[in-house]
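Below, chains carry the letters A, B, ... as their sequence lines are ordered, and counting in each starts from 1. In what follows, every heavy atom counts, from backbone to side chain, and hydrogens, waters and symmetry copies are set aside.
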2 protein chains.
Amino acid sequence: MSAAHPPPAGRPDPAPSSRRRRHDPDRRDRIVATCLDVLAEHGVAGTSHRRVAAAADVPLGSMTYHFDGMDDLLGAAFGRFAEEAAAAFERRMTAARDLDEARAAVVALITEDVFATRRDLVLTHELYTLAAREPAFRTLTNAWMRRSRRALERHFDPTTTRLVDAFVEGITIHRALDTEPADDADVREAVARLTAGAA
Amino acid sequence: MSAAHPPPAGRPDPAPSSRRRRHDPDRRDRIVATCLDVLAEHGVAGTSHRRVAAAADVPLGSMTYHFDGMDDLLGAAFGRFAEEAAAAFERRMTAARDLDEARAAVVALITEDVFATRRDLVLTHELYTLAAREPAFRTLTNAWMRRSRRALERHFDPTTTRLVDAFVEGITIHRALDTEPADDADVREAVARLTAGAA
DNA sequence: GCATCGAGCGTACGATCGTACGCATGAGCG
DNA sequence: CGCTCATGCGTACGATCGTACGCTCGATGC
């Protein structure tokens, strides 16, 4: 923490300067991105304005300037996270060309670690926990889920979609908790069963 | 919160007094129980020694006396929670007499709110989140899961057990997040499929 | 070129945190 | 009946928190 900013020196590109260097959209983004790192490492409980500011190498004052308090910051950070996760999910699912490929995609999402880096796992649960307790954050998780489901519904009927979605969620938890998770083969088998006749 | 406790009046039995009233095992228990309430309401992030002490109506000093810091307190509280949850789960599952009743029990666990009061949902996720980030708490969740699974394995083979367990977990999340969860009938159907030929 | 104005940040304040330290107090023994 | 000692608690300290306030300073209009 000691010698923070680049400092007086730095400023990579004071160059362009053509028009407003003032309202730097970079700042806000960097804060949001860094906030996710801090959240992944210290959890909501350990995330403070100061810690994020230090990690993002921005002055503390920027925090209250760019965000209306802690909840606003958390909302922005988790919003971005959910956005990216949903996008990745969509990409994966829309790439599938038929039912079998869709099933394979679901299995891949679980077994490969696309969705399962420890970081993402932690962030996901941190968000879920927040949403479970505070309804305000549920609009965020709901939007995320809705989007994921829409992607699944390109291949499965709505009912099957909900079931598969839940199953994926559950397996993901078990992975996050290091509980000896089900074998890949068993997961494949289970997905097959859940989606039997489900176009 | 205002007028909580039974209060100054109470002390049901200062009576016995025959031997040591000093080491009051009640104190510690009440702190642990109250801590769970605080956790459910404010989350790990909002749980402090002071808040718990106030809610449990014990002096602040008791906190550091009975527990070696915050983590110890959290461990004790979540330990009790997991213990109770596992016991309830076991009771439910061991009551089933055959495969069909076992399936019904699993469905009941999901559809009825035995396991799904908002409070328990919140506490569960709060614990999972902690465990996802801090390995120390994973021994706790692992023990819980292992116990739950052993109960399931009275009726299903190990592989099926893991799959069903994951499915239950996933549906539970969806309920916690108020995402429109799957219909009861669909859940029943899904469990049937997952457990087809799984004695 | 200068006056003006708002974007952005440095700093300081009050609240609250976890924890250590030392005293009260009542049980147990002679 | 009094001494002793550990249990249990009141309190105070240093660190850290979120946030408000006011200054700096570059961009813009004349």
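- Between the P atom of D:dC13 and the NE2 atom of B:H49 lies a distance of 20 Å, rounded to the nearest Å.
- As rounded to whole Å, 17 Å separates atom C1' of C:dG18 from atom NE2 of B:H66.
- Ion pairing between A:D29 and A:R80 holds under the 4.0 Å rule for side-chain N and carboxylate O.
- Nearest-nucleotide mapping onto DNA chain D: of A:G61 and A:G46, the residue sitting toward the 5' end is A:G46.
- In the region residues 68-79 of chain B, proximity to DNA chain D at under 4.0 angstrom, judged on heavy atoms, holds for none of the residues.
- Considering only side-chain atoms of B:S62, the nucleotide from C:dT19, D:dC9, D:dA20 that sits closest is D:dC9.
- Nucleotide C:dC21 holds its P atom 17 Å from the OH atom of B:Y65, rounded to whole Å.
- Remark: A:R27 is in phosphate contact with C:dC9, judged by side-chain N or O atoms under 4.0 Å from OP1 or OP2.
- Electrostatic pairing of B:E83 and B:R147 counts as a salt bridge here, judged by a charged N lying under 4.0 Å from a carboxylate O.
- Nearest nucleotide to the A:L60 side chain, out of D:dG18, D:dT7, C:dA12: C:dA12.
- With salt bridges taken as basic N to acidic carboxylate O contacts below 4.0 Å, one links B:R92 and B:E112.
- Computed from coordinates, the A:D57 CG to C:dC9 P distance equals 11 Å when rounded to whole Å.
- Considering only side-chain atoms of B:T64, the nucleotide from D:dC17, C:dA20, D:dT11 that sits closest is C:dA20.
- Where DNA chain D pairs in unbroken runs of 3 or more (Watson-Crick or G-U, both distances under 3.5 Å), the stems are C:1-30 with D:1-30.
- One hydrophobic cluster holds both B:F78 and A:V44 under the rule that ILVMFWY side chains link at heavy-atom gaps under 4.5 Å.
- For the pair B:R51 CZ and C:dA15 P, the computed distance is 16 Å after rounding to whole Å.
- Atom NE2 in A:H42 sits about 15 Å away from atom C1' in D:dC17, given to the nearest Å.
- At most 12 non-hydrogen atoms from other residues, nucleotides or ligands lie less than 6.0 angstrom from CD of A:E41.
- A salt bridge links B:D183 and A:R162; the closest N-O separation between the charged side-chain nitrogens and carboxylate oxygens is under 4.0 Å.
- In this structure, the nucleotide among C:dG10, D:dC9, C:dG18 sitting nearest to the side chain of A:P59 is C:dG10.
- Ring-plane geometry between B:W144 and B:Y128 is classed as tilted, the angle between the planes lying from 30 to 60 degrees on a 0 to 90 degree scale.
- Counting only heavy atoms from C-beta on, B:R50 has its side chain closest to D:dC13 among C:dC9, C:dA12, D:dC13.
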Residues B:V168, B:L109; criterion side chain to side chain contact (heavy atoms under 4.5 Å, CB included); working and verdict: CA-CA 8 Å; B:V168 171; B:L109 279 168; 5.5 Å; no
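- Ion pairing of A:R103 with A:D100 is present here, as a side-chain N (NZ or NE/NH1/NH2) and a carboxylate O approach within less than 4.0 Å.
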